[in-house]
Amino acid sequence: MIVEHATRSSRIGVALIAIALVVLALAPYWGDRQTLRLLAEMFTFIALASLWNLLAGYAGLVSVGQQAFVGLGGYVLFALAMLLDVNPVLAIFVAGPIGALVAVPVALLIFRLRGAYFAIGTWVVAEVFRLLASQVSALGGGSGVSLPASVVLAMAPSRQMREFEMYWLALFLTVATLAAIFLLLRSRHGLALTAIRDNELAAQSTGIGVWGIKFAVYVLTGFGTAMVGAFIFLQKLRISPDTAFSVNDWTAFVIFITVIGGIGRIEGPIIGTIIFFALRQTFAGLGSLYLLMMGAVAIVVMLWAPKGLWGMAVERLGWQILPLQRHLVLRKDARGKP
Amino acid sequence: MQWLNVILQGVLIGGLYAMFATGLSLIFGVMRLVNIAHGDLIVLAAYISLIATQAFGMDPLTSLLLVVPVMALIGYALQRGLLNYTLGEDLLPPLLVTFGLSIIIQNGLLELFTADSRKLQAGAIEIQTFQLAQDLWIGALPLIQFVVAVAVIAGLQLLFYRTALGRALRATSDDQAVAQLTGLDTRHIFALAMALSLAVIAIAGVFLAVRANFDPAIGPARLIFAFEAVIIGGLGSMWGTLAGGIILGVSQAIGAQIDPGWQLLAGHIVFLAILAVRPQGLFPKVSG
């Protein structure tokens, strides 16, 4: 008997992903400016939702405060680029380690809260970050600041090249995030994480160091979320405490995406992002009614399809796009004995 | 004397925070539900009172006679019709459903009342003050609000330890399965707890609306104040929650006195400091 990851559907899935990646990497050659911007925005939401999914769906750490790290990343980028003249693309990669570094004391503190109180605790931390950011007058204080043109021009000489560069950066960040999560889940630690997802108490009783794994996942998520946040605000070119630490933009939407797509599955956030953007492109003109509708959809899905649309598809049809599940395969040896 | 005044104002607003907080900790105690829409429900109560004052010409404090039962009914219906279906081993459904509810209430209020700031007018009582000592004044309204908060907490304490309903609530809180075995209908008990919680925050919402401006977006911050007061005070203790509310109110008042930008930050920092040195809160009664 051997353990295998791949199934027929996952082999097809991996082939499809490879094709999709090539098509997306070539998007600057077939898409117009608007398409590129929309795709880049979708990539950032896929990345944010995948990171939140790792945190909430696998490690059971339901955070409603990930905007703390999105905003932190954004402010790190602005601080490095404006005050220290660091190349903004380089600054994105500095934001990651800083995010992880900040996540360590935050985790030590809020891991004292459990369950739903943990969730609100993360929100308090995000609020503290927002209030602190509005005290930094070098970065515009409460009203925010725009990235000077010289910083933007330093990235690439022509506007078109900058846009291509931003697009590829978004694609790279998202693919790297997904690949890292995929490799983590395929590893020994991933098995432990899946066990924690399914039953924390049972996982603990088999000798899994639950606290350590949760801590590591929280810090890793801080790393990734800060990098994505830095990218988001490099694209926006403007930052303010209210946009950087917005609970609606970086948590409510991200939770909506993950829940609709399927929490606790790596494919969920991708499906969810596609649905979220389809809804947004269609109904965004409705304003607050549109948000109201989204809240209602999230409640309905949580009550009637708690595993999300992808979760339903998996259960009914047995699909998996990425080879993550382990299953035993009986293989007969040369003498015909199992 | 100036500082004494600041601290006194902080103590009085702490009563309001304690009312926010008792509503939150009550339902957590009974059914381990943390209601993310808690703050938005407080704001909803403020808007219901606004309607009552505008449509029937009621005085805001008189409108409590209407707002409290309406909010209690909403609470009962919400629990029976929606939230009971989310309870179970899994933490996510109640959290996400109440998060969705929070978005619905906020945007519903925005749609109905726009983002304009409102305030309830309570008339002459708003500017009445008493002199306690030289340079030390106390407003009638903040004092009433504080007295009401203490009365609400004392009332809840009596209800919990002296009545049949209180016994049922405590039994459900201790062990849901056993409570059910003794013939309690836990779905009904949960709905009553939610009704009670929303009745308490209805009072808080009306006082909030008389004291300061409100708009549809201020709910989440009230949830955070409620939560901080609960954790500072220690889970499960009602008088602890009052202490937690007062500590939060005083910290904010002192922070605001130092620098207006530090009002909220000071409250959060005291909360985080207490979490760091005494995570079980100052006056804990139950663990977990």
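Letters A, B, ... mirror the listed sequences (proteins, then strands); counts begin at 1. Predicted, not measured: the structure shown is a model, and the values here were computed from it.
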Item to complete: May I have the step-by-step check of side chain to side chain contact (heavy atoms under 4.5 Å, CB included) for B:Leu92 and A:Val62, ending in yes or no?
Response: CA-CA 7 Å; B:Leu92 262 174; A:Val62 185; 3.8 Å; yes
Fill in: Residue part contacting chain A, namely of B:Phe227, when any heavy atom lies under 4.5 Å
side chain
Worksheet, complete the sentence: The interface call for B:Pro220 against chain A, heavy-atom contacts under 4.5 Å, is both
Worksheet item: Pick from A:Leu132, A:Val125, A:Ile110: which one has the most heavy-atom pairs with chain B under 4.5 Å?
Response: A:Leu132
Response to the item:
What one should report as the nearest heavy-atom pair of A:Leu303 and B:Leu82 is CD1-CD1, 3.4 Å
Worksheet item: Considering only heavy atoms from C-beta outward, does the side chain of B:Leu96 approach that of A:Ile255 to under 4.5 Å?
Response: yes
Discussion item. Between B:His268 and A:Leu131, is the side chain to side chain contact (heavy atoms under 4.5 Å, CB included) condition met? List the steps.
Written reply: CA-CA 10 Å; B:His268 294 326; A:Leu131 293 166; 3.5 Å; yes
Worksheet item: So do the side chains of B:Leu264 and A:Glu127 get within less than 4.5 Å of each other, counting heavy atoms only?
Response: no
Worksheet item: How close do A:Ala119 and B:Leu95 get, heavy atom to heavy atom, and via which atoms?
Response: CB-CD2, 4.0 Å
Worksheet item: Are B:Leu223 and A:Trp123 close enough that some pair of their side-chain heavy atoms sits under 4.5 Å apart?
Response: yes
Worksheet entry | Closest-packed option against chain B by number of heavy-atom pairs under 4.5 Å, given A:Ile263, A:Val259, A:Leu291, A:Leu108 | A:Leu291
Discussion item. Are A:Met302 and B:Thr86 packed together at the side-chain level, in the sense that at least one heavy-atom pair is separated by less than 4.5 angstrom?
Written reply: no
Discussion item. As a quick check of understanding, evaluate side chain to side chain contact (heavy atoms under 4.5 Å, CB included) for B:Ile103 and A:Met294, giving each step before the final call.
Written reply: CA-CA 8 Å; B:Ile103 291 173; A:Met294 260 187 31; 5.8 Å; no
Item to complete: Please state whether the side chain, the backbone, both or neither of A:Ala296 comes within less than 4.5 Å of a heavy atom of chain B.
Response: both
Worksheet item: Hey, mind stepping through A:Thr251 and B:Phe99 against side chain to side chain contact (heavy atoms under 4.5 Å, CB included) and telling me if it holds?
Response: CA-CA 10 Å; A:Thr251 292; B:Phe99 199 78; 4.2 Å; yes
Response to the item:
Closest heavy-atom pair, B:Ile104 versus A:Gly295, reported as atoms and distance to 0.1 Å, is CD1-C, 3.8 Å
Discussion item. Which atoms of A:Val64 are under 4.5 Å from chain B, going by heavy atoms: the side chain, the backbone, both sets, or neither?
Written reply: side chain
Worksheet item: Using a cut-off of under 4.5 Å for heavy-atom pairs, which of B:Leu275, B:Leu110, B:Ile231 has the most such pairs with chain A?
Response: B:Leu275
Practice prompt. Might you confirm whether atom CZ of B:Arg278 has over 12 heavy atoms from other residues, nucleotides or ligands at distances under 6.0 Å?
Written response: yes
Fill in: Pairwise distance CD(B:Glu111) to CG(A:Leu289) - rounded to 0.5 angstrom
4.0 Å
Discussion item. If you count every heavy atom of other residues, nucleotides or ligands that lies below 6.0 Å from A:Trp211 atom CH2, does the total exceed 12?
Written reply: yes
Worksheet entry | Minimum side-chain heavy-atom gap A:Ile120-B:Ile36 below 4.5 Å | yes
Discussion item. Check this for me: B:Trp239, atom CH2, are more than 12 non-hydrogen atoms of other residues, nucleotides or ligands nearer than 6.0 Å?
Written reply: yes
Practice prompt. Supply the atom-to-atom distance A:Ser288 OG to B:Leu112 CG, rounded to the nearest 0.5 angstrom.
Written response: 9.0 Å
Worksheet item: Does atom OH of B:Tyr85 have more than 12 heavy-atom neighbours, drawn from other residues, nucleotides or ligands, at distances under 6.0 Å?
Response: no
Fill in: 4.5 Å side-chain heavy-atom contact, A:Tyr117 and B:Val230
yes
Discussion item. So which atom in B:Pro279 and which in A:Arg112 form the shortest heavy-atom distance, rounded to 0.1 Å?
Written reply: CG-NH1, 3.0 Å
